[in-house]
Amino acid sequence: MNNLILILGDQLSHRISALQAANRDRDLVVMAEVDAEASYVNHHKKKLVLLFSAMRHFADQLKSDGWQVHYHQYDPDHSAKTLEAVLAALVAEHKPDQLITTECGEWRLDSQIRRWQETLAVPVAIHPDTRFIAGKEEFAHWARGRKQLRMEFFYREMRRKTGLLMTPDNQPEGGKWNLDGDNRKKWTGKPSAPDPFRIEPDAITRQVVTDVNKHFPDHFGTTEDFHFAVTGQDAEAALEHFLDLALPWFGDYQDAISDKEDWLFHSILSPYINTGLLDPLLVCEAVAQRYYANQAPLNAVEGFIRQIIGWREFVRGIYWLNMPGYADENRLGNQNPLPWFYWTGKTGMRCMEKAIGASYRNGYAHHIQRLMVTGNFALLTGIAPREICDWYLAVYVDAYDWVELPNTLGMVMHADGGYLGSKPYAASGKYINRMSDHCGNCQYNVNKATEDDACPFNALYWHFIDRHRDEFAKNPRMGMMYRNWEKQKPERRQALIARGEWLLENLDTL
Ligand code: FAD
Ligand code: DLZ
């Protein structure tokens, strides 16, 4: 045996660079379910099922393709609790020439891996993660010397680089780069939203469900009704399901929120893309194909592709450009603890109850719930970034630090000073009412702001505007809010501030 080939739980692609560098006849592939990875945050139970089941399926596929695989199944009584400990035993046993792996997604583990050469006393070769369209260096090069880093300009580079939705003379298809303005319809029930793709658990997944319930009973969420794909083949079927049933309306209802439907017209592909079961570029090519076949409109196709080659790549670039300091950013000086109802969903605010409830049941909430409901509330109430970031990292099946952190700390909390948006995504209940049908079912009244039964988002919004005057009053995109605030009568402003203060002191009662 020559080399050990380490494949992490979110690297489940047959084209992963570590495997490309390996020799099927001589090398030993190592995959391990370990306590350190399963418990560094209170991962949703469905995420653990997805990861462990997908890892076990992937290992089986490698074996049937002729690879030698050492698979370390989760065992709480085993002395090896970390990837390093599993590898140390294998290094002692096999004395490999080197350890080969693909660069790891999270700074936390990446920094450990970069020390293994010394701690394991074996040469460690770390290959780039070619599943991303822009390498880390490429992003850093793009960022160098720019006064401001804006997703939109990076996205255009990625369109040019991939040729996605580009005309033969290198212009954006349809004449515009970004059709976001066409993607803001409220959904009133028609067309009906498709059921999410589902696959019934096989024997491996059923065993993992039992293991997770036994060993991780205190983790967030439930394993009930687990229906995610756990193989590349099934993830491709999930992609087809999205292309056929949801993509045509993805654009129109991208920003919508519903009281009745958890998934709307979203793809629910992030769990597969992030674990390696689906390749992001191939997904985008399949989506673009639907436009050229006249099966999906441009606002849907462009909107979707922008999320992947724009936002997804951009947040990864920001993460690696700024870590490790990025995780400690807190430019708005927020210190409040996370209200307990984020873990229980027990709150009278209907939009919050629904978003947290979906997160608990499904390990999923769509982007607008994450950004404009649970995220907006955390921003308005000044939750400490570390607490809200840990919550997002725990509760979603697609959550990994490299993508969760910039979205939460940057996009939601504006704690990095504005890489992810030129103004904070702060909004009152009016926005939630415009984009959803929650407010009609809520115990609070969205048309009131200062009374006891008024929607908390309303006074909290004005309190946020008032207390962050120094940070935002000069922001040209916030000028109108400050003018509106100043225009209100002093008694009204006082009442809003008083209600905001009360809410901030009584968050756990809402
Ligand atoms: P769709 O709406 O169908 O979008 C298509 C794809 O675009 C997604 O699968 C995803 O790969 C990509 N995408 C869309 N928006 C973003 C974005 N802002 N950043 C990166 N990729 C994006 N996404 C994660 O994958 N993991 C996370 O841990 C995560 N945490 C988030 C935390 C917060 C506070 C917010 C506001 C967003 C977060 N997102 C995260 C981004 C986004 O909400 C999810 O990617 C999306 O909801 C996944 O569902 P979907 O596959 O149905 O997405
Ligand atoms: C998320 C996760 C979990 C829950 N468990 C494992 C595991 O037991 N073994 C493993 O190799 N990977 C796991 N992962 C994914 C890693 O945490 C992931 O590779 C890093 O966070 C980098 O993104």
Side-chain angles (χ1 to χ4, degrees), residues 6-12 30-41 43-44 47-52 54-55 72-74 81-83 86 101-110 112-113 129 151 196 212 216 219 238-239 242 246-247 250 253-255 263-276 278 280 283-284 287 303-316 318-319 364-376 378-379 388-389 391-413 420 425:
L6 174 67
I7 300 198
L8 298 170
D10 58 352
Q11 298 179 342
L12 308 180
V30 182
M31 296 178 69
E33 299 168 10
V34 289
D35 207 51
E37 294 311 305
S39 305
Y40 69 86
V41 75
H43 298 288
H44 195 292
K47 181 179 179 188
L48 292 173
V49 175
L50 174 70
L51 256 283
F52 288 177
M55 286 172 72
H72 178 97
Q73 204 154 304
Y74 185 79
K81 307 270 185 226
T82 62
L83 291 166
V86 171
T101 191
T102 297
E103 62 189 354
C104 159
E106 299 192 346
W107 191 87
R108 170 191 64 81
L109 182 57
D110 184 70
Q112 292 171 32
I113 293 176
D129 192 341
M151 190 287 293
V212 166
F216 303 93
H219 277 228
L239 169 61
F242 167 66
L247 175 64
F250 174 85
Y253 302 112
Q254 197 178 347
D255 282 5
W263 319 83
L264 287 173
F265 299 91
H266 292 274
S267 68
I268 321 159
L269 295 177
S270 52
Y272 314 133
I273 298 174
N274 293 353
T275 42
L278 284 180
V283 168
C284 289
V287 166
F304 183 89
I305 288 174
R306 176 168 14 99
Q307 303 313 312
I308 295 197
I309 69 168
W311 282 114
R312 187 172 185 272
E313 294 282 331
F314 186 72
V315 298
R316 183 197 186 234
I318 293 292
Y319 180 84
Y364 178 88
H366 60 71
H367 184 67
I368 298 301
Q369 288 176 307
R370 298 187 202 194
L371 180 64
M372 299 310 295
V373 181
T374 44
N376 183 22
L379 173 70
I388 187 69
C389 289
W391 184 80
Y392 277 102
L393 192 58
V395 304
Y396 294 120
V397 290
D398 60 19
Y400 296 89
D401 202 43
W402 65 266
V403 49
E404 175 276 321
L405 189 71
N407 269 296
T408 311
L409 188 139
M411 194 183 291
V412 159
M413 298 305 291
L420 278 295
Y425 286 89

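Count residues from 1 along the sequence. When a ligand or atom number is given, it counts from 1 through the structure's own listing order.
When every heavy atom of Y40 is checked against every heavy atom of E106, the shortest pair comes out as OH-OE2, 2.9 Å.
For ligand 1, the atoms lying closer than 4.0 Å to a non-hydrogen atom of F250 are 1 (P), 2 (O), 3 (O). Close contacts of ligand 1 with I268, meaning ligand atoms under 4.0 Å from a residue heavy atom, involve 50 (P), 51 (O), 52 (O). The distance from ligand 1 to the heavy atoms of Y392 drops below 4.0 Å at these ligand atoms: 32 (C), 34 (C). Listed by number with element, the atoms of ligand 1 under 4.0 Å from a non-hydrogen atom of Y400 are 28 (O). For ligand 2, the atoms closer than 4.0 angstrom to any heavy atom of C104 are 22 (C). Listed by atom number, the atoms of ligand 1 under 4.0 Å from L269 heavy atoms are 9 (O), 51 (O). Atoms of ligand 1 lying under 4.0 Å from any heavy atom of R312, numbered from 1 in the order shown and given with element: 11 (O), 20 (C), 21 (N). Residue E404 has at least one heavy-atom neighbour below 4.0 Å for each of these atoms of ligand 1: 28 (O), 30 (N). Of all the atoms in ligand 2, the ones that sit under 4.0 Å from a non-hydrogen atom of F52 are 5 (N), 8 (O). In the vicinity of N274, heavy-atom distances shorter than 4.0 Å reach the ligand 1 atoms 24 (C), 25 (O), 26 (N). Those atoms of ligand 2 with a heavy atom of L48 less than 4.0 angstrom away are 4 (C). For ligand 2 and A32, the ligand atoms under 4.0 Å from any heavy atom of the residue are 7 (C), 8 (O), 9 (N), 10 (C), 11 (O).
Proximity of the aromatic rings of Y74 and F216 is defined here by a centroid distance below 6.0 angstrom, and this criterion is met.
The closest approach between a heavy atom of Y364 and any atom of ligand 1 is below 4.0 Å. Taking a 4.0 Å cut-off on heavy atoms, W263 fails to register as neighbouring ligand 1. Not a single heavy atom of M31 sits under 4.0 Å from any atom of ligand 2. Using a 4.0 Å cutoff on heavy atoms, Y74 does not count as a contact of ligand 2. Not a single heavy atom of Q11 lies less than 4.0 angstrom from ligand 2. Ligand 1 has no atom lying under 4.0 Å from any heavy atom of Y396.
Looking at W311 next to ligand 1, no N or O pair under 3.5 Å apart turns up. For ligand 2, the polar-atom distance check finds no N/O of L8 at less than 3.5 Å from any of the ligand's N/O atoms. Below 3.5 Å of separation, one finds no N or O of Y400 facing any N or O of ligand 2. Remark: ligand 1 and S267 share an N or O pair separated by less than 3.5 Å (distance only, no angle test). Inclusion of D10 in the set of residues having an N or O under 3.5 Å from an N or O of ligand 2 is warranted. For a threshold of 3.5 Å applied to N or O pairs, the pair formed by K47 and ligand 2 contains no separation below that value. Not a single N or O atom of L109, backbone or side chain, sits closer than 3.5 Å to an N or O atom of ligand 2.
Contacts of F242 with ligand 1, taken as heavy-atom pairs under 4.0 Å, are absent altogether. With a 4.0 Å heavy-atom cut-off, ligand 2 is reached by no atom of D110. Residue-level proximity to ligand 2 for W402 is absent, since no heavy atom of it falls below 4.0 angstrom. Contacts between V412 and ligand 1 below 4.0 angstrom, taking non-hydrogen atoms only, involve the side chain exclusively.
The OG1 atom of T101 sits 8.5 Å away from the CG atom of L109 when rounded to the nearest 0.5 Å. Note: I388 CD1 to L379 CG = 10.0 Å, rounded to the nearest 0.5 Å. To the nearest 0.5 angstrom, Q254 atom CD is 11.0 Å from H366 atom NE2. Separating the OH atom in Y400 from the OG1 atom in T275 is a distance of 5.5 Å, to the nearest 0.5 Å. Interatomic distance, CG of L420 versus CG of L371, reported as 10.0 Å (0.5 Å rounding).
Under 4.0 Å is where a charged nitrogen must lie from a carboxylate oxygen, and between E313 and R306 no such pair does. Of the charged side-chain nitrogens involved, at least one lies within less than 4.0 Å of a carboxylate oxygen, so that R316 and E103 count as a salt-bridged pair.
Nearest-residue assignment for atom 40 (C) of ligand 1 (options E313, M411, R370; heavy-atom criterion): R370. With distances taken over non-hydrogen atoms, the option nearest atom 39 (N) of ligand 1 out of V315, L405, N376, N407 is N407. The heavy atom nearest to atom 17 (O) of ligand 2, out of those in E37, Q73, E33, H72, is found in E37.
For atom 15 (N) of ligand 1, the closest non-hydrogen atom on the protein side is Q307 OE1, 3.4 Å. Of the protein's heavy atoms, V403 CG2, 3.5 Å lies nearest to atom 24 (C) of ligand 1. Nearest non-hydrogen protein atom to atom 2 (O) of ligand 1 is H266 ND1, 2.7 Å.
You'll find the side chain of Q112 stays beyond 4.5 Å of the side chain of T82, heavy atoms only.
Side-chain atoms of Y392 and T374 include a donor-acceptor pair closer than 3.5 Å.
Ring-plane geometry between F250 and F242 is classed as perpendicular, the angle between the planes exceeding 60 degrees on a 0 to 90 degree scale with a lower cut at 30.
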